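To start, the structure under review is shown below, and the notes come after it.
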Amino acid sequence: MNWLTRQNPWRLMLAVNVAVMSGVFIHKILLPPYVPYIHLLVDYHFGLVKRALIGAIVSLFTQKVPVWLVFALSGAVWLITAGLFVKLFRRTFGFDDAHLPLFIFTAGSPFFLKNFMHTLGHFDIYGCLFAIVLLLVPAHSTGFVLLAALFSIILVLIHHIHLLMYVPSIAVIVVLRHYLAVGFNRANIAVGVASLIALGVLFMALQFWGTIPLPEADFVAYLKTRMADPSRTDLLGFSYIWYQPLATEVSDTWARMPSNILGVPVFALLIWLHTPLWRYFFDLIRWLASDVHQRIVVAGIIGVSAAYLIMFAMVFDYSRWISNWAVCLFLILHAVKTLPSSKKVSSIAGDDRKTSILGWIVTLIPRVGVIRPF
């Protein structure tokens with residue numbers, strides 16, 4: 001029982017994290033899946049439509065969608081994502097006691113797996129999953145760039161906001177793992193440029209021409225034909241998002257800004273609680289062997305952060321955006337760790353009292369939320 005003693009608090013934090021995640025899951029399945037369920041109903045019946053890929057895939061297997069499928073499908077994706085992250089962490093750092101605090105500040109963060117549990121059924125986790133896969137597979141061939149392009153296209157088809165949410169992080173991972181490792185040549189440059197152009201065209205098509213080409217009442221009538229229980233009309237209340245133009249989304253976001261901006265100090269506090277992690281990340285970047293690598297990593301982080309700032313101005317799901325921004329940094333950390341370093345960087349000090357206190361606070365926070373903190 002030594003792992004339960006005060007001499008090894010990080011293993012106890014790991015067990016508490018599992019308990020907290022279980023509690024979040026039980027709470028989540030008791031809530032109606034308003035937004036996630038309707039996404040399983042919308043398909044390509046009316047042509048190319050934004051936010052319809054997951055529903056189109058579901059329609060290949062069943063024409064009647066039960067409510068429980070939201071939790072079954074999203075739960076399976078969550079388990080795969082969690083399992084692959086554990087595999088990634090083991091490969092990058094290992095699971096010795098020296099790196100256990102780092103695992104707690106990433107996998108146990110309220111920004112990451114716990115918040116993905118709270119947002120079961122939303123599309124965010126697919127970007128994280130694809131990014132983890134790209135951190136695990138070999139990256140030396142041009143096929144790696146093609147795979148990243150394919151993943152990015154799939155993400156934009158799942159939801160066009162992925163162009164800002166996870167595609168920038170995928171681009172950073174491709175640059176760090178492929179281009180910095182093998183260099184730039186005609187083939188991988190051509191594939192990269194073509195991928196960017198294709199993504200841009202697809203995004204514009206979905207954003208401006210991906211709306212449903214019939215009145216909303218007729219659209220809702222079609223969705224009812226796909227419901228296992230058509231009487232659950234309360235689950236169709238978000239059908240308007242397939243008709244909402246970008247200008248309306250931006251207008252709604254800025255209308256809510258005065259109240260939503262009150263959550264910024266809370267987000268700042270949550271970020272500060274991860275100080276040991278950010279300090280370790282900074283040291284990894286500072287001691288990279290190449291100045292060019294340092295500048296590219298910093299530029300990549302700035303680019304990813306800028307994309308999230310644009311999202312903050314366009315869509316008001318602030319808790320989700322700040323959580324996914326942190327997850328992107330967690331994943332980029334793994335890519336940075338693979339770059340040549342001029343000095344061995346010590347991991348987070350597990351015996352530091354302040355670090356342990358922060359670790360416990362991070363462990364006990366169950367999630368961040370969707371719009372406002374908690």
Side-chain angles (χ1 to χ4, degrees), residues 2-4 7-22 75-117 125-140 144 147-148 151 166 169-170 172-174 176-178 180-181 274 276-285 287-288 297 323-324 326-341 343-351 355-356 358-359 362-363:
N2 183 55
W3 66 282
L4 287 174
Q7 286 72 32
N8 292 283
W10 298 98
R11 295 189 180 183
L12 179 56
M13 291 181 208
L14 186 61
V16 172
N17 265 295
V18 173
V20 171
M21 289 181 194
S22 300
V77 173
W78 187 95
L79 288 172
I80 293 171
T81 302
L84 289 180
F85 182 77
V86 170
K87 179 180 178 65
L88 173 65
F89 192 93
R90 177 182 285 114
R91 194 179 74 176
T92 306
F93 299 104
F95 272 117
D96 54 348
D97 287 340
H99 289 100
L100 193 53
L102 178 61
F103 186 73
I104 295 299
F105 277 104
T106 52
S109 169
F111 290 134
F112 192 13
L113 294 174
K114 288 184 283 194
N115 211 58
F116 280 147
M117 183 67 77
I125 194 170
Y126 290 97
C128 175
L129 173 60
F130 288 167
I132 292 174
V133 171
L134 290 171
L135 287 165
L136 286 169
V137 300
H140 291 287
F144 178 76
L147 180 63
F151 282 171
Y166 275 98
S169 296
I170 287 176
V172 172
I173 290 170
V174 170
L176 299 186
R177 294 203 65 217
H178 177 76
L180 294 188
H274 294 71
L277 170 63
W278 307 133
R279 187 180 298 118
Y280 173 68
F281 198 178
F282 174 79
D283 288 341
L284 279 182
I285 298 172
W287 293 109
L288 287 175
V297 170
S323 297
N324 283 284
V327 171
C328 287
L329 296 190
F330 296 168
L331 300 181
I332 292 173
L333 167 67
H334 285 262
V336 172
K337 185 64 171 63
T338 64
L339 297 175
S341 178
K343 176 183 176 180
K344 183 177 180 180
V345 179
S346 299
S347 187
I348 298 174
D351 56 353
T355 300
S356 297
L358 293 177
V362 165
T363 294

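The structure displayed is predicted, hence computed values, not measured ones. All residue numbers refer to positions in the sequence shown, counting from 1.
- Side chain of Lys114 to backbone of Gly108: a donor-acceptor contact under 3.5 angstrom is found.
- Using a 4.5 Å heavy-atom threshold, the side chains of Ser323 and Phe112 count as separate.
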Between Asn8 and Leu100, is a side-chain contact (heavy atoms from CB on, under 4.5 Å) present by the stated rule, with each step listed? CA-CA 10 Å; Asn8 292 283; Leu100 193 53; over 6 Å; no
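- Between His178 and Ala139, the shortest heavy-atom distance links the atoms ND1-O, 2.7 Å.
- In this structure, Trp10 contributes its side chain and Asp97 its backbone to no donor-acceptor pair below 3.5 Å.
- Atom OG1 of Thr363 is separated from atom CG of Asn17 by 4.0 Å, given to the nearest 0.5 angstrom.
- Taking 4.5 Å as the limit, some side-chain heavy atom of Leu339 sits within range of a side-chain heavy atom of Val297.
- Using a 4.5 Å cut-off on side-chain heavy atoms (C-beta onward), Ile348 and Ile104 make no contact.
- Taking 4.5 Å as the limit, every side-chain heavy atom of Ser347 sits out of range of all side-chain heavy atoms of Phe93.
- Atoms CG and CZ, from Leu135 and Phe130 in turn, are 14.0 Å apart once rounded to the nearest 0.5 Å.
- Here Thr106 contributes atom OG1 and Leu333 contributes atom CG; the two are 7.5 Å apart, rounded to the nearest 0.5 Å.
- In this structure, CD1 on Ile170 lies 11.0 Å from CD1 on Ile332, to the nearest 0.5 angstrom.
- Salt bridge Asp283/Lys343: absent, no basic N to carboxylate O contact under 4.0 Å.
- Between Ser109 atom OG and Asn115 atom CG the span is 8.5 Å, to the nearest 0.5 Å.
- Between Pro101 and Ala98, the closest heavy-atom pair is CD-O, 3.7 Å.
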Run the side-chain contact (heavy atoms from CB on, under 4.5 Å) test on Phe105 and Leu358 for me, step by step, so that the C-alpha distance in whole Å, both residues' side-chain angles and the decisive distance to 0.1 Å come before the verdict. CA-CA 9 Å; Phe105 277 104; Leu358 293 177; 4.0 Å; yes
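- In terms of heavy atoms, Cys128 sits closest to Val327 at SG-CG1, 3.8 Å.
- The closest side-chain heavy-atom distance from Val362 to Pro110 is below 4.5 Å.
- Side-chain N or O atoms of Arg177 include one that pairs as donor or acceptor with a backbone N or O of Leu134 at under 3.5 Å.
- Here the OG1-CD1 distance, from Thr81 to Ile125, works out to 3.5 Å after rounding to the nearest 0.5 Å.
- The shortest side-chain heavy-atom distance between Phe111 and Asn324 does not fall under the 4.5 Å cut-off.
- In this structure, Phe281 has its ring center no closer than 6.0 Å to that of Phe330.
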side-chain contact (heavy atoms from CB on, under 4.5 Å) between Val172 and Leu176, intermediate numbers included: CA-CA 6 Å; Val172 172; Leu176 299 186; 3.9 Å; yes
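- The distance between the ring centers of Phe85 and His334 falls below 6.0 angstrom.
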Leu284 and Ser341: CA distance, side-chain angles, deciding distance, side-chain contact (heavy atoms from CB on, under 4.5 Å) verdict: CA-CA 8 Å; Leu284 279 182; Ser341 178; 5.9 Å; no
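- In this structure the side chain of Leu288 never reaches within 4.5 angstrom of the side chain of Pro340, judged on heavy atoms.
- With contacts defined as side-chain heavy-atom distances shorter than 4.5 Å, the pair Met21/Trp78 qualifies.
- Between Phe103 and Phe89, the angle of the ring planes goes over 60°, which puts this pair in the perpendicular group of the 30/60° scheme.
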